[in-house]
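The figures here come from the full heavy-atom set of this structure, side chains too, leaving out hydrogens, waters and symmetry mates. Chain naming here is simple, since letters A, B, ... match the order of the sequence lines and numbering starts at 1 in each. These numbers were taken from a predicted model, which means no experiment stands behind them.
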Amino acid sequence: MNLAEPLLGWYSKEGRDLPWRQNITPYKVWLSEIIMQQTRVAQGLPYFEKFFRELPTIEAFAKADQDQILHLWQGLGYYSRGRNMHVAANQIMETYDGSFPTTFKELKTLKGVGDYTAAAIASIAFNQPKAVVDGNVYRVLSRLFNIDKPIDSSGGKKYFQELADELIDPESPGDYNQAIMDFGAMVCTPKNPLCEKCFLKEKCEAYHDGVVQERPVKSKKVKVSNRYFDYFEVYKGDLIAIQQRDQNDVWKGLYQLPLVEVKNRLEKGAANISQLIDTKGLEISEVYEKKHVLSHQRLHTTFYKVEIDDLKHLNGDYRWVKRNDLHQYAFPKLISNYLFD
DNA sequence: ATCCCGGGCG
DNA sequence: CGCCCGGGAT
């Protein structure tokens, strides 16, 4: 696909007018790229202005003391970026005689400069055809080519880097790189991308297949959270209390036993049923503990049973069911295992 | 209030 | 591969 032509056309009209894009120098590119890592333009822009005003040259940056740099950095987050820049500035003064290294390989020897930043400086400041691959590029390419390789796997990273290197415009690598990132930030956004007015929608395979929202793919499992559930088998004679789950949560619409969810393991215990009924004079026995794993949650459950002498003692949205009728209700495996096994 | 996002380092 | 951080979206 010839991506460069439409992208550069769009960029020349719609690209953002940013201070480090005027009178380009390697120092400005480096400063802006490091500041913009993990940072939105709106937030980083005043920091760039401030740094460039206070420390207008690589030499000034190298000679500043760390306290001054961190003070200027205050509020931007990821403070190792500032500390690393200080080291890198001194590397440049000492190893490269005060002038920026010009090759991707040399640039990567600078502290805090990885693949992305080295490619950005090499292409924007030195016109070398090295494709940047940042979050924008992953998103744009995974959608345009409907690629479902995970962007957080080593194989996926390599695949996207190679694809990006094929697509880059060797005539204007710097503008091309900035164009695709602006496009990702302004049109092909993570949430609510502007597909309907996108000039690439006819070429976009994910748009064509209706999977834009599912790109890019990440393989890292969603962080699994721990939850602590205490279930109570509350019964009177032949009747047992059940409850339908209606919250926007796991097992919505299914039935379960009266439940008390607690924040952590320490709160676990039979006493939790006092939130549901008056436990005075009742005998509550623990039946067993069970860990139940879902894709995104680890449920630490404990089952208790308690017999009550008056149905009214259990307040809330419960229904009393004959034990023989329990099979008419849909229960999560966790609960049916308890009830029927 | 909670989730999501993101380059580079150790 | 987990951590570093703050802001924006939800």
Under-4.0 Å salt bridge between A:E162 and A:K157 | no
Quick check, are the ring centers of [X] and [Y] under 6.0 angstrom apart?
X	Y	value
A:W10	A:F183	yes
A:W30	A:F61	yes
A:Y288	A:Y338	yes
A:W73	A:F51	yes

A:I35 CD1 to C:dG6 P, in whole Å, measures 15 Å
Specify the separation, in whole Å, of atom CD of A:Q213 and atom C1' of B:dC4.
->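 One finds 14 Å between C1' of B:dC4 and CD of A:Q213, rounded.
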Where does the angle between the aromatic ring planes of A:Y255 and A:F331 fall among parallel (under 30°), tilted (30 to 60°) and perpendicular (over 60°)?
->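 Plane angle over 60°, so perpendicular.
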Determine, for A:Y235 and A:R323, whether the Lys NZ or Arg CZ falls below 6.0 Å from the six-membered ring centre while staying within 45 degrees of the axis.
->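 That pair qualifies as a cation-pi contact.
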Protein-nucleic acid N or O pairs under 3.5 Å, nucleotides 6-10 of chain B:
unit_1 : atom_1 : unit_2 : atom_2 : d
B:dG6  : OP2    : A:K218 : NZ     : 3.2
B:dG6  : O3'    : A:Q38  : NE2    : 3.2
B:dG6  : N1     : A:Y78  : OH     : 3.0
B:dG7  : OP2    : A:G135 : N      : 3.0
B:dG7  : O4'    : A:Q38  : OE1    : 3.3
B:dG7  : O4'    : A:Q38  : NE2    : 3.3
B:dG7  : N9     : A:Q38  : NE2    : 3.0
B:dG7  : N7     : A:Q38  : NE2    : 3.2
B:dG8  : OP1    : A:G114 : N      : 2.8
B:dG8  : OP1    : A:T117 : N      : 3.0
B:dG8  : OP1    : A:T117 : OG1    : 2.5
B:dG8  : OP2    : A:D115 : N      : 3.2
B:dG8  : OP2    : A:Y116 : N      : 3.1
B:dC9  : OP1    : A:G112 : N      : 2.5
B:dG10 : OP1    : A:K111 : NZ     : 3.0
B:dG10 : OP2    : A:K111 : NZ     : 3.4

Donor-acceptor under 3.5 Å (A:Q128 side chain, A:T102 main chain) |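 Side chain of A:Q128 to backbone of A:T102: a pair is present.
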Pairwise N/O distances under 3.5 Å, protein to nucleotides 8-10 of chain C:
unit_1 : atom_1 : unit_2 : atom_2 : d
C:dT10 : OP1    : A:N192 : ND2    : 3.4

